[in-house]
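These notes concern the structure reproduced below.
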Number of protein chains: 2
Amino acid sequence: MIRAGGAKGVDHDWEPSVSRRAATIKDVARRAEVGVATVSRVLSGSGSVSAATRERVLRAVAELEYRPSALGRSLKTQRTGSIGLVLPEITDPFCAELAAGVLACARTLGEHVLLDVSHDDPVRETEIIDRLVEQRVDGVIAVPAGEPAGWRAALRTGVPVVFADRAVAGLPEIPAVLADDAAGVRSAVDYLAGLGHRRVGLLGTTTTGQAYRGDPGVREAAFRATLADRGLVPDEDLVVLARPGRDGAFAAVAGLFQSRPDLTAVLAATHLLGETAVLVARELDLRIPGDVSIVMIDDVPWAELCDPPLTAVGRPGRDMGHRACEVLLRDPARRDRGRPVVLPTELLIRGSCGPPAGMPGAAPRSPRTR
Amino acid sequence: MIRAGGAKGVDHDWEPSVSRRAATIKDVARRAEVGVATVSRVLSGSGSVSAATRERVLRAVAELEYRPSALGRSLKTQRTGSIGLVLPEITDPFCAELAAGVLACARTLGEHVLLDVSHDDPVRETEIIDRLVEQRVDGVIAVPAGEPAGWRAALRTGVPVVFADRAVAGLPEIPAVLADDAAGVRSAVDYLAGLGHRRVGLLGTTTTGQAYRGDPGVREAAFRATLADRGLVPDEDLVVLARPGRDGAFAAVAGLFQSRPDLTAVLAATHLLGETAVLVARELDLRIPGDVSIVMIDDVPWAELCDPPLTAVGRPGRDMGHRACEVLLRDPARRDRGRPVVLPTELLIRGSCGPPAGMPGAAPRSPRTR
DNA sequence: ATGAAAGCGCTAACAC
DNA sequence: GTGTTAGCGCTTTCAT
């Protein structure tokens with residue numbers, strides 16, 4: 001195979017085709033018999049090039065199957081075109097939704113997404129941040145584990161950071177996109193109280209490490225506040241905080257259900273707790289909603305498949321991810337003011353709640369009438 | 001703003017701290033009064049440096065909060081330390097599991113993961129591949145959408161590719177990590193037949209675009225073959241192929257259930273179809289398993305929460321992801337031989353199957369006895 | 001309209 | 001043991 005040699009003419013013997021080194025901008029320039037700058041201009045669309053030249057360059061690009069290297073470009077421009085996404089867990093349906101939102105937005109903005117999971121471990125999270133900084137990502141979106149130190153360090157490097165779903169106490173300078181959890185809890189408790197429930201339990205989570213804004217704390221507080229507004233003294237035995245993990249959830253739920261058989265309704269602060277509540281209720285032969293009504297925070301696919309379908313407080317995970325990405329990438333103004341973006345929740349009434357067992361009008365030990 | 005432009009060693013006036021440019025290896029070298037190579041040696045641990053020098057360098061690194069730039073390094077070494085992960089969907093629980101496996105393995109190997117989703121759209125997938133190549137990822141793991149062209153192009157650039165969960169027909173040279181779907185289907189059908197079922201339906205999916213190895217085709221084939229082995233002529237009316245999406249699933253399931261009330265069991269080839277089957281059965285007032293037994297391929301969290309809990313063929317999504325990553329990153333040998341890695345499935349017997357309605361020993365229109 | 005050349009931050013020869 | 005230097009592939013003045 002003979003190939004007419006270009007300007008400086010010496011033919012390369014291309015190696016056996018299979019693994020010849022990727023073409024660089026220089027190869028293209030040589031082949032098109034132009035300077036590298038011209039190739040760059042053609043490919044970036046900036047500057048001006050004659051039609052004929054452009055044509056030649058494009059042909060060389062095609063013939064060589066040239067792919068510009070983002071490495072060279074990034075080094076020069078000091079932008080990598082990728083952002084980091086730090087999630088506690090990718091198998092969690094809420095996090096996955098959030099990720100989908102980030103991905104969708106990043107795509108429209110032409111950014112890549114570097115994903116990593118922290119398992120809610122601050123040490124690991126800090127490690128991840130470090131590596132992300134080393135990669136020189138253009139920004140980071142995180143559902144933070146709660147330890148401020150790592151994030152402070154990140155800030156010092158100058159990477160823009162946006163929190164989603166949770167915010168870290170003591171870092172008001174980092175913008176956040178949150179769900180209106182307080183309103184969500186309120187809507188759920190109001191609904192339950194409206195049904196006639198007087199002894200409502202809360203299945204919450206312990207706050208590991210630092211306190212969050214936008215997480216456990218506010219759910220608990222909103223729970224108490226709503227009850228108080230209704231003139232119900234929150235019975236402290238009825239709020240139980242589960243340790244992280246399935247076992248913690250199980251212990252908490254079983255403990256609550258067994259120690260307080262007079263309980264008529266419960267609000268599960270996470271979908272894990274909701275799931276556990278359903279399972280434990282089944283094990284204890286408690287009917288839903290006949291014996292106990294359940295509302296769960298976070299709507300997940302299985303909520304509708306449950307029998308009865310579970311009433312839930314839906315939080316817009318996908319929107320939150322999308323929004324966080326927008327704030328990060330195209331809203332530096334907002335990034336500077338510290339006010340968090342708060343997105344509304346929605347009470348999705350399905351079949352898991354009814355009037356309390358003793359209630360006039362309630363069918364005793366049977367599916368709800370009303 | 002004046003900066004003393006010193007050849008060697010004039011003190012810089014650092015700017016107001018808030019956004020001064022990140023320190024480079026040069027800054028560190030200058031501050032530690034050594035050459036850049038020494039800094040590099042200290043940081044990479046290679047070569048030899050005197051304890052005293054190392055000390056000085058480390059101090060400078062700390063004082064400057066120096067973070068080596070992966071950009072510079074990658075450009076030089078021609079390795080980015082990141083791999084691409086292309087999934088049809090991140091909100092799908094199976095994909096999320098797979099992603100978790102990849103993430104776990106990548107982490108132990110010190111690689112970053114660039115995630116993108118194709119929505120099973122070949123056009124989009126090709127776009128993603130292109131961008132990944134441009135980023136010079138060290139390799140890509142994909143649950144492919146099915147169009148070979150894009151992958152052929154990828155191969156030509158020299159990026160190693162490994163498929164997971166599905167393989168693309170016509171690309172035997174790309175190694176794949178698959179689940180043993182045929183065995184999974186067989187175990188399910190055998191189980192159903194053993195229970196006494198004679199009229200078993202299959203809810204499959206249409207094969208969009210190219211045919212897969214490891215997806216719809218083999219499930220359907222295994223279904224027919226198992227039935228045949230049992231001496232049952234597969235009734236072609238009983239296998240229905242759903243179009244992608246919720247609507248397609250619904251149409252298929254409703255169609256099957258309504259047109260063939262004599263059906264006593266059904267195998268759902270995907271979790272979406274399983275979910276839909278449960279919903280439709282409920283709507284049609286068909287009891288599970290009294291009127292119809294259901295087995296689903298893919299075990300998902302809600303399978304246990306269903307009432308009754310759903311019997312399913314579990315596929316090791318996380319392992320598959322982990323394995324795919326290993327094959328990609330540390331098993332170039334296997335990468336070359338074309339034989340796919342096949343991981344076993346597991347039949348998880350729960351409560352959604354019983355003997356067929358008319359069966360001697362079966363309680364008519366009621367939960368299973370046996 | 002186009003080319004030459006100077007880096008971007010790093011590693012790896014190669015000198016000393 | 002340590003410094004100097006030549007690139008890696010690209011963009012971007014600055015000349016021409």
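- At a non-hydrogen distance threshold of 4.0 Å, B:Leu75, B:Lys76, B:Gln78 from residues 73-84 of chain B come into contact with DNA chain D.
- Sorted by first and then second residue, the salt bridge (Lys or Arg N to Asp or Glu O under 4.0 Å) pairs with a member in residues 40-54 of chain A form an empty list; sequence neighbours excluded.
- Using a 4.0 Å heavy-atom cutoff across all strands shown, B:Ser44 reaches no nucleic acid atom at all.
- Across all strands shown, A:Ser46 has no heavy atoms under 4.0 Å from either base or sugar-phosphate atoms.
- Among the heavy atoms of the strands lying under 4.0 Å from A:Ser48 is at least one base atom, whether or not backbone atoms are also near.
- Identified under the ring-ring contact (aromatic ring centres under 6.0 Å, His included) test for residues 97-141 of chain A, with sequence neighbours left out: none.
- Nucleotides of DNA chain D nearest to B:Arg136 and B:Gly47 differ in position, and the one nearer the 5' end is that of B:Gly47.
- In this structure, CD1 on A:Ile90 lies 5.0 Å from CG on A:Leu87, to the nearest 0.5 angstrom.
- Comparing the end axes of the helix from C:dA1-D:dT16 to C:dC16-D:dG1, each fitted to five base pairs by superposing C1' atoms of four pairs onto the next four, gives an inter-axis angle of 40° (nearest 10 degrees).
- Closest of all the heavy-atom pairs between A:Ile25 and A:Val36 is CD1-O, 3.7 Å.
- Considering only the side chain of A:Val36, C:dA5 comes nearest among D:dT5, C:dA1, C:dA5.
- A:Ser46 meets the side chain to side chain donor-acceptor pair (under 3.5 Å) test with A:Ser44; sequence neighbours excluded.
- At the heavy-atom level, A:Ile25 lies under 4.0 Å from base atoms of the strands shown.
- For B:Ser50, the side chain to side chain donor-acceptor pair (under 3.5 Å) partners two or more places apart in sequence, or in a different chain, are B:Thr53.
- When all heavy atoms are compared, the tightest approach of B:Pro144 to B:Asp120 is O-OD1, 4.3 Å.
- Considering only residues two or more places apart in sequence or on other chains, A:Arg56 meets the salt bridge (charged side-chain N to carboxylate O under 4.0 Å, His left out) condition with none of them.
- Taking atom NZ of B:Lys26 as the reference point, atom P of C:dT11 lies 14 Å away to the nearest angstrom.
- The phosphate of C:dT11 (OP1 or OP2) has a side-chain N or O of B:Ser40 nearer than 4.0 angstrom.
- With sequence neighbours left out, the salt bridge (charged side-chain N to carboxylate O under 4.0 Å, His left out) criterion links A:Asp130 to B:Arg67.
- At a threshold of 4.0 angstrom between heavy atoms, the contacts of A:Glu134 with the nucleic acid are absent.
- Going from atom CZ of B:Arg67 over to atom P of C:dG9 covers 16 Å, rounded to whole Å.
- Residue B:Thr24 has no polar side-chain atom (N or O) positioned under 4.0 Å from OP1 or OP2 of C:dC8.
- Partners of A:Glu127 under the salt bridge (charged side-chain N to carboxylate O under 4.0 Å, His left out) rule, at least two apart in sequence or in another chain, are B:Arg107.
- Residue A:Gly35 is in sugar-phosphate contact alone, with no base atom involved, counting any heavy-atom pair closer than 4.0 Å across all strands shown.
- Not counting sequence neighbours, the partners of A:Arg323 by the salt bridge (charged side-chain N to carboxylate O under 4.0 Å, His left out) test are A:Glu326.
- Among the heavy atoms of the strands lying under 4.0 Å from B:Val34 are primed sugar atoms or P, OP1, OP2 only; no base atom is included.
- Projected onto DNA chain C by closest heavy-atom contact, B:Gly72 and A:Ala51 fall at different nucleotides, the more 5' of which corresponds to A:Ala51.
- Atom-to-atom, CG of B:Leu71 to P of D:dG7 comes out at 21 Å; the value is rounded to the nearest Å.
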For nucleotides 13-16 of chain D, which of its nitrogen or oxygen atoms have a protein nitrogen or oxygen under 3.5 Å away, and what is each distance?
none

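- Annotation: salt bridge (Lys or Arg N to Asp or Glu O under 4.0 Å) contacts involving residues 135-146 of chain A, sequence neighbours excluded, comprise A:Arg79-A:Asp138.
- Atom-to-atom, CG of A:Leu43 to P of D:dT11 comes out at 8 Å; the value is rounded to the nearest Å.
- Not one side-chain nitrogen or oxygen of A:Thr38 sits closer than 4.0 Å to the OP1 or OP2 atom of C:dA1.
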